[in-house]
K.L.:
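Can you read through this structure? Questions will come right after.
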Amino acid sequence: MDAKELGNRSAFPMAMIEHTVNSPGLTKKERIAMAAMQGLLTLQTHDNPQRIAQLAIEHADALLTELAKEST
């Protein structure tokens with residue numbers, strides 16, 4: 001499984017149960033980026049939120065790449 005496929009998987013998968021609404025929620029990439037962004041916001045000024053968001057995504061991609069290496 002490559003990093004992109006891993007990142008697009010549900011962070012909190014739920015079993016399908018008949019007659020229920022299934023919401024996949026956040027992907028792993030979104031969940032990792034959210035955690036990274038929280039950390040970045042504690043360390044940096046808030047004058048460029050677009051750059052902080054980009055950094056969070058870069059960190060998420062880096063982690064998923066490393067995790068994909070471990071799963072092969």
Side-chain angles (χ1 to χ4, degrees):
M1 171 181 329
D2 66 8
K4 186 172 183 174
E5 184 181 352
L6 181 62
N8 286 331
R9 297 185 91 185
S10 178
F12 306 103
M14 296 172 35
M16 288 289 289
I17 301 171
E18 192 174 340
H19 306 294
T20 63
V21 175
N22 183 26
S23 173
L26 295 174
T27 64
K28 289 183 179 185
K29 182 175 179 174
E30 291 166 335
R31 177 62 185 100
I32 295 166
M34 181 176 71
M37 190 169 195
Q38 288 172 330
L40 289 167
L41 288 171
T42 66
L43 299 173
Q44 299 183 14
T45 61
H46 303 269
D47 59 344
N48 191 345
Q50 183 66 30
R51 181 63 186 138
I52 293 172
Q54 290 170 344
L55 285 170
I57 293 168
E58 289 172 18
H59 285 284
D61 286 338
L63 178 58
L64 289 165
T65 298
E66 292 304 311
L67 290 172
K69 289 178 186 176
E70 290 181 4
S71 68
T72 56

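Heavy-atom basis, side chains included; hydrogens, waters and symmetry copies ignored.
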K.L.:
Using a 4.5 Å cut-off on heavy atoms from C-beta on, say whether the side chain of Asp2 contacts that of Glu5.
P.N.:
yes

K.L.:
Whether the side chain of Glu66 engages the backbone of Leu63 through a donor-acceptor N/O pair (distance < 3.5 Å, no angle test) should be reported.
P.N.:
no

K.L.:
Do the non-hydrogen side-chain atoms of Lys29 and Asn8 ever get within less than 4.5 Å of each other?
P.N.:
no

K.L.:
What closest approach, in Å, do Ala56 and Ala33 show between heavy atoms, and which atom pair accounts for it?
P.N.:
CB-O, 3.5 Å

K.L.:
Less than 4.5 Å apart, side chain to side chain, heavy atoms only: is that true for Leu41 and Gln38?
P.N.:
no

K.L.:
With side chain to side chain contact (heavy atoms under 4.5 Å, CB included) as the test, would you mind laying out the steps for Gln54 and Ile57 before giving the verdict?
P.N.:
CA-CA 5 Å; Gln54 290 170 344; Ile57 293 168; 5.9 Å; no

K.L.:
Output the distance between atom CG (Leu64) and atom NZ (Lys69), rounded to the nearest 0.5 Å.
P.N.:
12.5 Å

K.L.:
Answer with yes or no whether the hydrophobic clustering places Leu55 together with Met37; edges join I, L, V, M, F, W, Y residues whose side-chain heavy atoms lie under 4.5 Å apart.
P.N.:
yes

K.L.:
If you define the side chain from C-beta out and look only at heavy atoms, does anything of His59 sit under 4.5 Å from Ile32?
P.N.:
no

K.L.:
Using a 4.5 Å cut-off on heavy atoms from C-beta on, say whether the side chain of Leu26 contacts that of Met34.
P.N.:
yes

